Each structure stands twice: as C-alpha cells, then as structure tokens.
Amino acid sequence: MTEPTKYLLDESRLPKYWYNIAADLPVPLPPVLHPGTYQPVGPADLEPLFPLALIQQEMATEREIEIPTPVREIYRLWRPSPLYRARRLEQALGTPARIYYKYEGVSPAGSHKPNTAVAQAFYNKEAGVKRIATETGAGQWGSSLAFAGSLFDMEIQVFMVRVSYQQKPYRRALMETYGATCTASPSMETAAGRAILAKRPEHPGSLGIAISEAVEVAVQRSDTHYALGSVLNHVLLHQTVVGLEALAQLELADDYPDVIVGCTGGGSNFAGIACPFLGEQLRGGRPVRVIAIEPAACPSLTRGQYAYDFGDTAHLTPLTKMYTLGSSFTPPGFHAGGLRYHGMAPLVSHLKTLNLIEARAYHQLSCFEAGVQFARVEGILPAPEANHAIRGAIDEALRCKEEGISRCILFNLCGHGHFDMQAYMDYFAGKLTDQSYDESELAMALAGLPSVPAV
Ligand SMILES: *Cc1c(COP(=O)(O)O)cnc(C)c1O
C-alpha cells in the first residue's frame with residue numbers, strides 16, 4: 001500500500017495558461033483559405049461565426065494564453081482531473097510497463113469536451129452573443145455546450161447526427177435538462193438539411209452535414225454564433241489543460257512518458273494531452289513517441305489524403321489543409337460516434353506530416369475487448385471512443401512485455417461510457433461487427449476534393 005494509485009493536484013495548481021504549440025512548431029501551419037476566393041482568410045471572414053477572442057486564438061502564435069478567471073472558476077467544478085496509475089491493468093497484462101491515464105470522465109458532461117465548451121461560451125457571452133448553434137455526433141459535444149450554455153445563460157441549439165439521435169435518447173435528455181434544444185440532422189430547418197433529405201429521406205446524417213446546418217443558422221441569424229467541439233486550433237488549445245495537468249501530476253509520480261496514446265475523432269483530446277509534452281520535446285526536452293488511434297471505419301490519418309478540404313458537406317466552411325476522407329464521405333454507423341468525422345484537425349495533420357506523431361487504425365471489436373478488460377480491472381467504464389486509446393495503450397504495454405522493457409505509457413481516458421450502454425449491450429450480444437467503409441465511396445469522396453491552386 002505504499003505506491004500511489006492516483007495523483008491529485010490541488011485546485012490552486014490548476015493551470016493559469018493554455019499551451020499554444022504554434023509557438024514551438026518548426027514549420028508554421030498552412031493558411032486557412034476562403035471557400036470562394038481560395039485566398040487566406042482574415043479575422044473579418046470568421047466574424048459571422050466566432051467572437052474575436054476565439055478568432056485571435058485560432059491564429060495566435062504566442063506560447064501561453066491566459067485562461068480567463070471565470071473559466072478557471074468553472075473548471076474548478078471538476079479540475080484538476082485525476083491522473084491514475086493503472087496498476088491493476090499492468091498486473092493483468094503482466095507487463096513491466098508503467099501505465100498512467102488521465103481521466104476526463106469526471107467532468108459534468110462526462111468527457112473532455114467541457115474544457116473548451118466553457119471557454120467558448122464565455123468568450124461568446126463576453127461578445128454579447130445570445131445564442132450558439134452547433135452540431136453533435138454522439139451527443140458528447142452537444143451536452144457539453146448545453147452545460148456551458150446553462151452556466152452563462154445562453155440559448156444552445158444542437159443539430160444531432162440522426163443515427164446518434166436515435167441510438168442515444170439519454171444524451172438528448174441531458175442536453176434538454178441543461179436547457180438546450182436538440183434537432184435530428186439532416187433536418188427540415190435548414191436549406192442544407194432539406195437538400196440532403198430531398199435526395200435521401202432516410203439519410204443517417206453525418207457530422208459534416210450537421211456542421212452545415214449549424215453554420216447556416218449562425219450565418220443567417222445575427223444573434224447566433226457557431227461553435228465547434230473539435231478540429232479548430234482554439235479547441236485544441238483549450239484542451240491542453242489536460243496535458244499541462246498531466247505534466248505536473250507525472251512530476252509528482254517522478255515519472256515521464258516514453259509513449260503517449262490518444263484516440264482521434266477531430267483530434268482535440270489527443271492534442272490536449274500530447275501537445276504540452278511535444279512542446280517540451282520541441283524546446284529541447286525529452287523526446288516522446290505520440291500515437292493517435294483512429295477507427296478503421298473512418299481512418300482519416302491513415303487512409304486519407306493531406307489536402308485542402310471543406311469542414312462540412314455543404315461547403316460553407318473555410319478550407320483547411322488536413323488529412324481528409326473527402327467532405328462527402330459518410331462513415332458506416334459504428335458506435336464510437338465521436339470518431340465519425342471525415343477530416344482531422346489541421347494541427348494534428350500538420351504534426352503527422354512533420355513526423356512528430358504516428359497514427360494507427362483499429363476495428364471496433366478489438367477496442368471494445370480492450371475497454372471491457374480495462375473496466376474489469378480498473379472499474380471505470382470507458383466511452384467507446386476512449387476504448388481506442390485503451391487498445392493502443394494495451395498494445396504498447398504488451399510490446400514492452402515482449403521486449404522486456406519497462407516504458408512509461410500515458411493515455412487519455414477522454415470520457416466515461418455511461419450513456420453508451422447500448423453499444424456495450426450490442427457488444428455482449430455479439431451484434432457489433434467490424435465495419436468497413438465502402439472503398440468506392442472513399443474514392444468518390446476523394447475525387448471530389450476541391451482543386452486549390454498552390455498557396
Ligand atoms: C468527442 C469525443 C471524442 C472525439 O473528439 P476529439 O476531438 O478527437 O477528442 C473522443 N472521445 C470522447 C469521449 C468524445 O466525447
């Protein structure tokens with residue numbers, strides 16, 4: 001009983017700054033382009049959608065960006081989140097590896113997403129915005145923004161991908177409890193939604209479509225802004241609170257990661273835990289292997305093309321250079337709904353092209369197997385998305401065992417799965433299958449990439 005199981009930081013050690021890796025990148029990020037002119041966008045182009053403070057963060061190059069006091073005050077409801085040493089998992093695997101996980105499931109919405117939702121609601125409120133329209137896949141982001149909206153007394157309108165809307169009524173109920181409204185997407189409320197339903201009335205929806213609907217509402221209503229729960233630089237920036245805390249907690253443990261593992265949908269929880277450590281490396285500190293785990297059914301980093309593409313299906317968003325499967329790509333309806341996006345954060349994509357990170361794709365059955373193994377020894381029931389990170393961490397730990405080397409492995413347990421029990425029930429009933437995307441649909445979606453002149 002001498003060795004600690006969890007490393008807790010006092011509230012006073014909650015980070016005062018977010019870490020901006022743009023300050024330490026050896027090559028700057030490619031510019032974001034205007035969808036009409038293909039010229040780099042300026043702050044004015046984004047003002048219909050975002051408050052100036054977030055636009056500035058999107059383009060910022062200073063290393064530390066102060067966390068506003070009201071945001072820190074709210075973070076204190078659940079932050080600093082615990083860092084656990086997964087001793088029972090280590091024992092079960094018989095590995096010499098030291099496995100740590102940062103647990104973001106302690107937030108009110110049950111994932112890392114409130115870290116940015118609270119910040120985004122704060123800056124919008126400060127700018128006098130009354131309403132925010134957004135999309136949600138599995139419902140994690142929608143419920144996080146709904147929670148943040150309730151704290152700042154703002155109206156939140158959520159377009160929820162139709163398959164998830166049907167599979168996850170409790171997520172919808174949580175959003176409504178926080179006072180938000182939730183609509184299945186594609187919907188009849190927007191031109192983008194109506195156009196898609198006219199072609200395919202039973203369309204299961206996708207994040208790309210739901211984004212189009214929310215952006216359309218934000219552009220058309222002067223009292224409404226838009227918010228995105230992943231992908232953008234400012235979102236990844238807010239999530240660095242996770243990695244900054246982990247750095248301090250591992251110092252308490254007198255340890256430092258050799259390997260960091262995270263799951264990637266749009267890339268925010270992954271970047272949040274990894275970037276502060278990559279920053280140390282880029283400034284001449286210890287090198288670290290960083291591994292992104294993505295679903296084999298929606299494999300943007302491992303099978304996508306690094307190209308300029310739209311963030312949404314209706315092509316309303318600016319163009320960003322990223323690993324993409326094409327904006328018309330609709331992944332199969334697998335259960336890790338939060339990982340069903342056609343593109344990867346431009347920043348994470350950039351890190352990949354610089355060989356600062358690696359990527360792997362896993363099918364869902366092996367991820368659920370890892371998640372169940374984890375739950376049975378560590379007790380926490382992970383979100384299906386997080387199961388990808390667990391699979392990756394376990395595989396790294398098993399490699400340590402084969403090689404007889406004790407490495408330090410850190411992974412982000414980005415959320416709990418209490419709203420995802422249907423997925424677990426399907427898994428135990430043998431109803432989950434390893435779904436593959438349609439190769440010809442991927443080829444078509446990639447053929448439809450916009451042809452952008454070299455910038
Ligand atoms: C949204 C979500 C993800 C995917 O988003 P990222 O931006 O890649 O982090 C992963 N896990 C959970 C629990 C989520 O809610």
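Note that the structure is predicted; figures quoted are calculated from it, not measured. Each ligand, and each atom within it, is numbered from 1 in the order the structure gives.
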Per atom 6 (P) of ligand 1, closest listed option by heavy atom (Ala345, Pro382, Ser268): Ser268
Location of contacts on His112 toward ligand 1, heavy atoms closer than 4.0 Å: side chain
N-O pairing of Glu396 and Arg289 below 4.0 Å: yes
N or O pair under 3.5 Å between Ser230 and ligand 1: yes
Ionic contact status for Asp420 with Arg171, cut-off 4.0 Å: no
Under 4.0 Å to a heavy atom of Gln140 - the qualifying atoms of ligand 1, by number: 13 (C), 15 (O)
Residue Gly267 vicinity, atoms of ligand 1 by number, heavy atom under 4.0 Å: 6 (P), 7 (O), 8 (O)
Closest candidate by heavy atom, reference atom 14 (C) of ligand 1, pool Lys113, Glu294, Met344: Lys113
Crowding at OH, Tyr170 (>12 non-hydrogen neighbours, <6.0 Å): no
Ligand-residue contact atoms, ligand 1 with Thr264, heavy atoms, under 4.0 Å: 8 (O)
Heavy atoms of other groups near Arg360 CZ, more than 12 under 6.0 Å: yes
Pairing residues for Arg162 by the salt bridge (Lys or Arg N to Asp or Glu O under 4.0 Å) criterion, not counting sequence neighbours: none
Test: Glu90 and Arg85 ion pair at under 4.0 Å: yes
Salt-bridge criterion met for Glu294 and Arg303 (N-O under 4.0 Å): no
Partner set under salt bridge (Lys or Arg N to Asp or Glu O under 4.0 Å) for Arg13, not counting sequence neighbours: none
Contact (N/O only, under 3.5 Å) between Cys414 and ligand 1: no
Heteroatom distance test (Gly266, ligand 1): nitrogen or oxygen, under 3.5 angstrom: yes
Heteroatom proximity flag, Ala383 to ligand 1, N/O under 3.5 Å: no
Backbone or side-chain N or O of Glu385 under 3.5 Å from ligand 1 N or O: no
